[in-house]
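Right, one structure below, let's go through it.
Start at 1 with the first residue, then count along the sequence.
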Amino acid sequence: MILKDILYKVTINAVVGSTSIAINKIEFDSRQIKTNDVFVAISGTITDGHKYIEKVIEDGATAIVCEVLPEIFEDGVTYIEVANSNQALAFMAANYYAHPSENLKLVGVTGTNGKTTVTSLLYQLFKKAGYKVGLLSTVKIMVDNTTFKATHTTPDSLTINKYLKLMNDEGVEFCFMEVSSHGIHQSRTEGLKFAGGIFTNLSHDHLDYHETFAKYRDVKKTFFDQLPKDAFALSNIDDKNGLVMLQNTKAKKYTYALKNYADYRAQILENDFSGLLLKLNDNELWTRLIGSFNAYNILAIYGTAELLGLDKVEILR
């Protein structure tokens with residue numbers, strides 16, 4: 001692949017050298033560099049990739065993408081200064097793997113709680129409805145029937161696009177993905193085309209990373225702000241931040257709730273240790289899941305399945 005082809009949409013400040021060179025693969029881990037690789041130097045929370053530029057060139061890297069250019073340039077190496085290395089990596093990964101998110105319906109689930117349950121149950125629902133389905137969750141990654149180990153709630157953008165490409169190869173039609181605040185803040189979801197986004201709820205977690213609740217909330221909101229207009233945004237409006245998520249989105253807006261009027265509404269008729277009996281948009285539904293929090297999860301799952309075109313009776317079954 002030619003370097004300039006994988007730089008599409010990347011915000012570039014300066015270039016030293018040629019972008020018409022052939023490259024092997026993209027890496028942001030200096031330990032994985034081989035001959036003709038591109039190294040993306042990321043200023044991480046633990047270490048700064050800019051410190052390893054000299055080492056990766058010795059190991060064979062022929063292109064360096066960084067936020068700060070080194071003082072000395074090596075002959076035969078192309079240097080690209082970018083505004084944001086995380087964002088650059090995300091666009092480069094999407095370009096390298098030929099934009100796999102555009103070939104399936106990708107739905108992102110964000111919020112403090114419920115992400116794993118909602119994505120996992122959506123995966124199961126669509127599998128039982130007869131579709132080929134993908135899952136990117138905290139617990140595991142599924143490419144239809146094949147299981148891979150998960151290492152982060154939202155993997156790095158190279159890993160995301162690699163698995164989405166595998167899903168393309170396997171004919172997967174739908175993919176459900178946990179989207180963490182860390183992942184959004186670090187631009188891991190940039191360059192992906194989402195068919196929809198779901199907001200579950202927000203509580204005072206992860207403030208060690210985001211510093212204030214307002215920053216944490218606003219990071220979540222940027223995910224919905226970036227959804228395309230042909231996508232849907234489904235939000236829990238019983239959470240006081242539910243409507244905030246929908247304020248500036250271009251996507252079609254939908255809501256769910258137990259306590260407020262919403263597009264998807266449920267009433268808990270029975271709630272005990274054996275399960276829940278719900279009245280969901282005028283249909284009674286029994287589930288072995290317990291607790292009001294699972295009533296919200298079921299509402300999010302039902303709404304998403306309907307918005308993705310499944311038959312209402314089939315969803316309930």
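At least one donor-acceptor pair under 3.5 Å links the side chain of Asn84 to the backbone N or O of Gln87. Proximity of a side-chain donor or acceptor of Ser85 to a complementary backbone N or O of Ala41 within less than 3.5 Å is detected.
Hydrophobic cluster membership is shared by Ile80 and Leu158, with clusters built from Ile, Leu, Val, Met, Phe, Trp and Tyr side chains linked at under 4.5 angstrom. At a threshold of 4.5 Å between side-chain heavy atoms, the hydrophobic network of Ile, Leu, Val, Met, Phe, Trp and Tyr places Tyr96 and Ile2 in two separate groups.
Using a 4.0 Å cut-off between charged side-chain N and carboxylate O, Asp230 and Lys193 make a salt bridge. Between Lys259 and Asp238, no side-chain nitrogen of the basic residue sits less than 4.0 Å from a carboxylate oxygen of the acidic one, so the salt-bridge criterion is not met. Between Asp59 and Arg31, no side-chain nitrogen of the basic residue sits less than 4.0 Å from a carboxylate oxygen of the acidic one, so the salt-bridge criterion is not met. The pair Lys312-Glu314 fails the salt-bridge criterion, with no side-chain N (NZ, NE, NH1 or NH2) lying under 4.0 Å from an Asp/Glu carboxylate O.
Between Tyr254 and Tyr264, the two ring planes are tilted [angle within 30° to 60°]. Note on ring orientation: taking the six-membered ring where Trp is involved, the planes of Phe148 and Tyr163 are tilted (angle from 30° to 60°). Below 30°, between 30° and 60°, or above 60°: for Phe213 and Tyr216 the angle between ring planes is above 60°, a perpendicular geometry. Phe126 and Phe174 have tilted rings, their planes meeting at an angle from 30° to 60° on a 0 to 90° scale.
Here the CD-CG distance, from Glu173 to Asn103, works out to 12.0 Å after rounding to the nearest 0.5 Å.
Shown here is Phe73, whose CZ atom has more than 12 heavy atoms of other residues, nucleotides or ligands within 6.0 Å. Summarising the local packing, NZ of Lys105 is surrounded by 12 or fewer heavy atoms from other residues, nucleotides or ligands at distances under 6.0 Å.
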**Prompt:** Where do Glu190 and Arg188 land on the salt bridge (Lys or Arg N to Asp or Glu O under 4.0 Å) test, with the steps shown first?
**Reply:** CA-CA 6 Å; Glu190 292 267 5; Arg188 295 180 209 164; over 6 Å; no
**Item:** ring pair (Phe, Tyr, Trp, His ring centres under 6.0 Å) assessment of Tyr302 paired with Tyr256
**Value:** CA-CA 10 Å; Tyr302 177 85; Tyr256 69 96; over 10 Å; no
